[in-house]
There are 2 protein chains.
Amino acid sequence: MTARTPDSARDIPEATVARLPVYLRALTGLAESGTTTCSSEELAASAGVNSAKLRKDLSYLGSYGTRGVGYDVEYLRYQIAREIGVTQDWPVVIVGIGNLGHALANYSGFRSRGFRVVALLDADPARHDEVVAGLDVRSFEDLESIVTEDAVSIGVIATPAVAAQSVADRMVAAGITSILNFAPTVLTVPPGVDVRKVDLSIELQILAYHEQRKSVAPGSEVVS
Amino acid sequence: MTARTPDSARDIPEATVARLPVYLRALTGLAESGTTTCSSEELAASAGVNSAKLRKDLSYLGSYGTRGVGYDVEYLRYQIAREIGVTQDWPVVIVGIGNLGHALANYSGFRSRGFRVVALLDADPARHDEVVAGLDVRSFEDLESIVTEDAVSIGVIATPAVAAQSVADRMVAAGITSILNFAPTVLTVPPGVDVRKVDLSIELQILAYHEQRKSVAPGSEVVS
DNA sequence: GTCGTTTTGTTCAACCGTTCACAAACTCCT
DNA sequence: AGGAGTTTGTGAACGGTTGAACAAAACGAC
């Protein structure tokens, strides 16, 4: 048996980390529908995974269930939120207020899940008088002062591809250590900085690959 | 040695499929900058992976390189495009023309990569007179006729979470077999239908998890 | 208190994906 | 033609992820 650390401190597998937010959302849904207790089977169904995987994932956080009973929805929800770090609010800055930047700025899912958009920046002065989602679009030159003042550690890049690398460089120089990149380009960052990328057309291309296969071979593939 | 099938027919690992579009983009970039030949090392650098992985990925498609020389950029680009299926155009329908739907409809990366948005649908009649990205927003009730008429097999869901499942059900009933879901909810679909999901807040939460860990001193344990 | 039922937490084996290391194959130079 | 240098394609080892199966623990009935 591994040593039982009182507070969570062990390293959680990356695949598990990626699913924790899904469990968190499922638990929120259950809580809103009035459920106070749930089994791993129920929660797994809500999250779209199988129950063995769910239990294994939760076991990395600690032992928050009760055998023979299940999980207390509110308690587990809090534990996962704490583990992810969304019990506190994370200030976020969005750079590139085009169509996608607009959508991101207005996305209510950010604020409701522990993220607070503190600034919208764009290199184009023509956009600087605009007000989006209650925030006025500011100059990209303000990046450093905003990052310092609001202790921003997460940046979102929604610029055209050509600008993305230089924006990332400025972000890193300003002190940002986590970047969510929507621009269709590969970012190079120094060690210690995390980058996650969301690429819309890549997702469609993956679907197209499988779609093409369906029309050829009868052996169908299912990805949930 | 495994049997050499003349045309691509073997099953390509899912992880490899997800990277092929990245290679395709990197090759397009190289071609635009006038490069006609590249080594696996160069291409891997452009794509942000290591060269061994790149070579192994490409080996699933066939043997398209020349030892001692490298890859012909244009030739390899075509082969990957053919494998993914983006040499033909894929008609796509987008449902839910809110902020995100707007952004998706205007996203030029779709059309330039083999996808053609044929219709924008929304359940809200107040949006039906709007024109977005050169297309007029139509009623969700038109889904079936559009899917049939334009042979649409890929649908994009950009609706609020509560509507997503019923939209997916209608899409599946209409004949769509691949769905890209931007709504923050788990979709249930019958076997044979592929779903990929893009979840903006989940990506941020994964970053937050790692960010939280950075600020804590490595190996420090708090025991009260 | 004991038994039976339920459900978690964990162990174990199979699977998938990544990386290393190297033989095979091609070019260039002499 | 042959040898040196280069780069691909792949076999094999390794580590991470998944899924099944089960022991441990809690609860309720009596």
Side-chain angles (χ1 to χ4, degrees), chain A residues 1-6 8 10-20 22-23 26-27 30 35-73 75-76 79-80 83 206 221-224, chain B residues 1-6 8 10-20 22-23 26-27 30 35-73 75-76 79-80 83 206:
Chain A
M1 180 197 278
T2 53
R4 190 66 66 79
T5 48
S8 56
R10 286 140 299 178
D11 55 332
I12 297 177
E14 197 53 36
T16 297
V17 171
R19 282 187 295 265
L20 290 179
V22 180
Y23 302 153
L27 285 165
L30 287 174
T35 311
T36 59
T37 300
C38 70
S39 68
S40 65
E41 204 72 50
E42 293 173 84
L43 180 53
S46 294
V49 301
N50 81 28
S51 63
K53 194 188 288 185
L54 170 72
R55 289 200 300 277
K56 194 164 212 8
D57 284 343
L58 294 184
S59 76
Y60 290 114
L61 311 190
S63 204
Y64 296 133
T66 308
R67 297 180 193 217
V69 178
Y71 300 94
D72 181 283
V73 171
Y75 179 62
L76 182 58
Q79 293 299 337
I80 294 179
E83 189 70 39
I206 295 170
E221 212 99 348
V222 184
V223 180
S224 58
Chain B
M1 182 196 282
T2 51
R4 191 66 65 82
T5 46
S8 57
R10 288 142 300 178
D11 54 333
I12 297 177
E14 196 55 34
T16 297
V17 172
R19 281 188 294 265
L20 290 180
V22 180
Y23 303 153
L27 285 165
L30 288 173
T35 311
T36 58
T37 299
C38 70
S39 68
S40 65
E41 204 72 51
E42 294 173 84
L43 180 53
S46 294
V49 301
N50 78 31
S51 63
K53 194 188 287 187
L54 169 72
R55 288 201 301 277
K56 193 154 208 41
D57 284 341
L58 294 184
S59 76
Y60 291 113
L61 311 189
S63 201
Y64 296 133
T66 309
R67 298 177 192 217
V69 178
Y71 301 95
D72 182 281
V73 171
Y75 179 62
L76 182 58
Q79 293 300 338
I80 293 179
E83 188 70 38
I206 294 170

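In what follows, chains are A, B, ... by sequence order, proteins preceding strands, each numbered from 1.
- Note that CD1 of B/I80 is 5.5 Å distant from CG of B/L58, once rounded to the nearest 0.5 Å.
- When each of D/dT18, D/dG9, C/dT10 is scored by its nearest atom to the side-chain atoms of A/A15, the top-ranked nucleotide is D/dT18.
- In this structure, CD of B/E14 is placed 18 Å from P of C/dC15, rounded to the nearest angstrom.
- Counting to the nearest Å, the P atom of C/dG9 and the CG atom of A/L43 are 12 Å from each other.
- The side chain of B/S40 places no N or O atom within less than 4.0 Å of a non-bridging phosphate oxygen (OP1 or OP2) of D/dT7.
- Rounded to an integer number of Å, the gap from B/D57 CG to C/dT18 P is 7 Å.
- In this structure, the nucleotide among D/dG19, C/dT18, C/dT10 sitting nearest to the side chain of B/K53 is C/dT18.
- Of all heavy-atom pairs between B/L61 and B/Y64, the closest is O-OH, 3.5 Å.
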Inset, instruction - Any chance you could list the contact pattern along nucleotides 20-30 of chain C? Use B for base contacts, S for sugar-phosphate-only contacts and - for none, protein heavy atoms under 4.0 Å, 5' to 3'. - result: BB-BBBBS---
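- The side chain of A/S39 sits closest to C/dT8 out of C/dG17, C/dT8, D/dT17.
- Distance A/L58 CG to C/dT8 P: 9 Å, rounded to the nearest Å.
- Rounded to an integer number of Å, the gap from B/I12 CD1 to C/dG17 C1' is 15 Å.
- Distance A/Y71 OH to D/dA26 C1': 14 Å, rounded to the nearest Å.
- Straight-line distance from the CD atom of A/E41 to the P atom of C/dT8: 8 Å, rounded to whole Å.
- The OH atom of A/Y60 sits 10 Å away from the P atom of D/dG16 (whole-angstrom rounding).
- The minimum heavy-atom distance between B/L27 and B/V73, with the atom names listed, is O-CG1, 3.5 Å.
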